[in-house]
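Naming convention: chains lettered A, B, ... in sequence-line order (proteins, then strands); numbering from 1 in each chain. The structure presented is a predicted model; accordingly, all values stated were derived computationally and were not measured. Just so it is clear, the values below take in all heavy atoms, side chains as well, and ignore hydrogens, waters and symmetry mates.
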Amino acid sequence: MPRLRVTRRLFWLVPLALLPLPLYLDQYRQYVVNLMLMYVPVGIGFNVVVGNLGLLAFSNVAFFGIGAYTSGVLALKLGVPWWLTILPAGLMGALAGCAAGIPALRGVRLFYLAIMTLAFGELLRWVYIRWVPVTGGSFGMSVPPPSVFGWTLETEGHKFYVFLVLVVLMVVLTDRVLRSRFGRAFMAIKDNELAAAAMGIPTDRYILLAFAWGGFVVGIGGSMYAALVGHVTPIAFDLTELILEFAVIMVGGLGSLLGSVIGAAVITAAPEFFREWLGFQELLFGLLIIAVILFLPRGLASLLARLHPVFVDRYYRD
Amino acid sequence: MPEDLLPNQLLTARGLEAGYPGKQILFGVDLAVAPAEVVVLLGANGSGKSTALNTLSGFVRPWAGSIRFEGAEIAGRPPHRIFRRGIVQVSQARDLFPDLTVEDNLRLGAWARGGAVDALAEDVFRSFPRLAERRRQMVRLMSGGEQQMVAIGRALMGRPKLLLLDEPSGGLAPVFVKEIAAIIAELKRRAIAMVIVEQNIKLALSIADRFLILRDGRVTQRQDIRAGAADEQDIVRSIYL
């Protein structure tokens, strides 16, 4: 399909088209756009584990929190400039991913895995609250203004450009992973784990790898959170946040990279649109999610896929 | 020493004991397969035929005994390692990837062993024209017989040295039983060694070089039928009576 390959290159126009955005947006709107960007890696990582690997693991908020706290602690306690904390945040997220994936290696599946991974997230929240000298306890910590190569990111517009680079990087890398042997192994495990093992796929190793990659990408999202919000508290990583993140991938499209991007944008933007109907915001937001799940069980990405084959995820075909 | 325990075998299993928590199934099974040889396992339900195959492929860990494949000990190794050595199993449940297309199922068959994937797939499609017509179809939408073809085709993608077939004719319409029998005969002509568990004795004897009868986890009879055909009635008697 050489024609499609050319059209897929056009995806690069999306970030390019976004470049002048800070010229047109006020600080608040720019903040909302940055929030959207932050939720892209958060959704991508979640989707790799739940959508592509197919395991009901709800520890995403743990990876997110670990990433945020890693960046926060490194910046506040050790004075490390923010941009140098991004990679450690991702690595800590990957580590947390491996830890959360251990029950899955012991054969824990479905609701049991869901509950154990939920517990993992809550356990980390307990750590954030109790480990006061490092995390600042329930009040959390204020993170110094983020800086990159010695420049401080003073405006939301500055953060936007750094975030855009990170998001493009995460999308491209995850696309690579999903289209490689790794992605094919994830897909095989999702469809039939026993058959995957019978085809010579070391399923344990690939389950752990999916968790690690998911945790890494989400951890970087956490680092972006620390830079964007400037304040890291345990309450930001609670069950409500987890449900929001789950909504991102459900509305965007389970197992779809494009879906993670769309979901992040829609779920972040929707409450802003509903602001006009004061008092009904949550209701409308809930209705939106229900409507998408009812009428588009494969998410908004499936709607685009119907419009043009360029939007179809191609994780298997080489 | 039984003749099938002589050296120069492709696979030699000795004293295999295996089972599931709280229940031993195999009580010291000896089994050998020479290159290009077809060995059929016969036996009543619960006699341990499938467990024997699952032990060879690594899905069941043997409690005792040894399995040597091309000179290397493989007993207790994980399934993916055994697969990479060239022992490929087609399980009774066929264990396909139901939401993927025929072609993707085949391609995943070559995941671990690599090779010229496209050429291998075309080769399978030549042997199974019925699959070629349906290469973009989701496997869950296919009949049992077609799924069995996908399962065998996918196993071939792994370029097996030893193919383990668990009830290849199980639950299939008579037309498909014939077709599957023809396919197995073709694999035999290509000199692929096979261990086959089969309830259909007529089919089993038509393709076997040798057969073993299992009873309560022990081999009660073994016979080479290359020299002369075995008596079907006799075999049925020794399986069930």
Under 4.5 Å from any heavy atom of chain A - which part of B:R113: neither
If you tally heavy-atom pairs under 4.5 Å between each of B:P79, B:P98, B:A151, B:S91 and chain A, the highest tally belongs to B:P98
If we ignore hydrogens and angles and just use 3.5 Å, is the side chain of A:D191 paired with the main-chain N or O of B:D99 as donor and acceptor? yes
Taking atom CZ as the centre, does A:F285 end up with more than 12 heavy-atom neighbours from other residues, nucleotides or ligands that are less than 6.0 angstrom away? yes
Is there a donor-acceptor pair under 3.5 Å between the side chain of B:D95 and the backbone N or O of A:L194? no
If you count the non-hydrogen atoms of other residues, nucleotides and ligands that lie under 6.0 Å from CZ in B:R190, is the total more than 12? yes
So what's closer than 4.5 Å to chain A heavy atoms on B:P78: side chain, backbone, both or neither? neither
How about B:R159: does its CZ atom have over 12 heavy atoms from other parts shown lying under 6.0 Å from it? yes
Tell me whether A:F111 at atom CZ has more than 12 heavy atoms from other residues, nucleotides or ligands lying less than 6.0 Å away. no
More than 12 heavy atoms of other residues, nucleotides or ligands under 6.0 Å from CZ of B:R61: is that the case? no
Results of side-chain hydrogen bond (donor to acceptor under 3.5 Å, both in side chains) for A:E245 - residues two or more places apart only: A:N60
Positions in residues 196-206 of chain A that reach chain B, provided some heavy atom is under 4.5 Å away: A:A196, A:A197, A:A198, A:M199, A:G200, A:I201, A:P202, A:R205, A:Y206
Report which part of B:I82 has an atom under 4.5 Å of a heavy atom belonging to chain A: side chain, backbone, both, or neither. neither
Tell me whether the count of non-hydrogen atoms from other residues, nucleotides or ligands lying under 6.0 Å of CD1 in A:I293 goes above 12. yes
Can you tell me if A:R181 uses its side chain to pair, donor with acceptor, with the backbone of B:W111 under 3.5 Å? yes
Just how far is it from atom CG of B:L108 to atom CZ of A:R184, taken to the nearest 0.5 Å? 8.0 Å
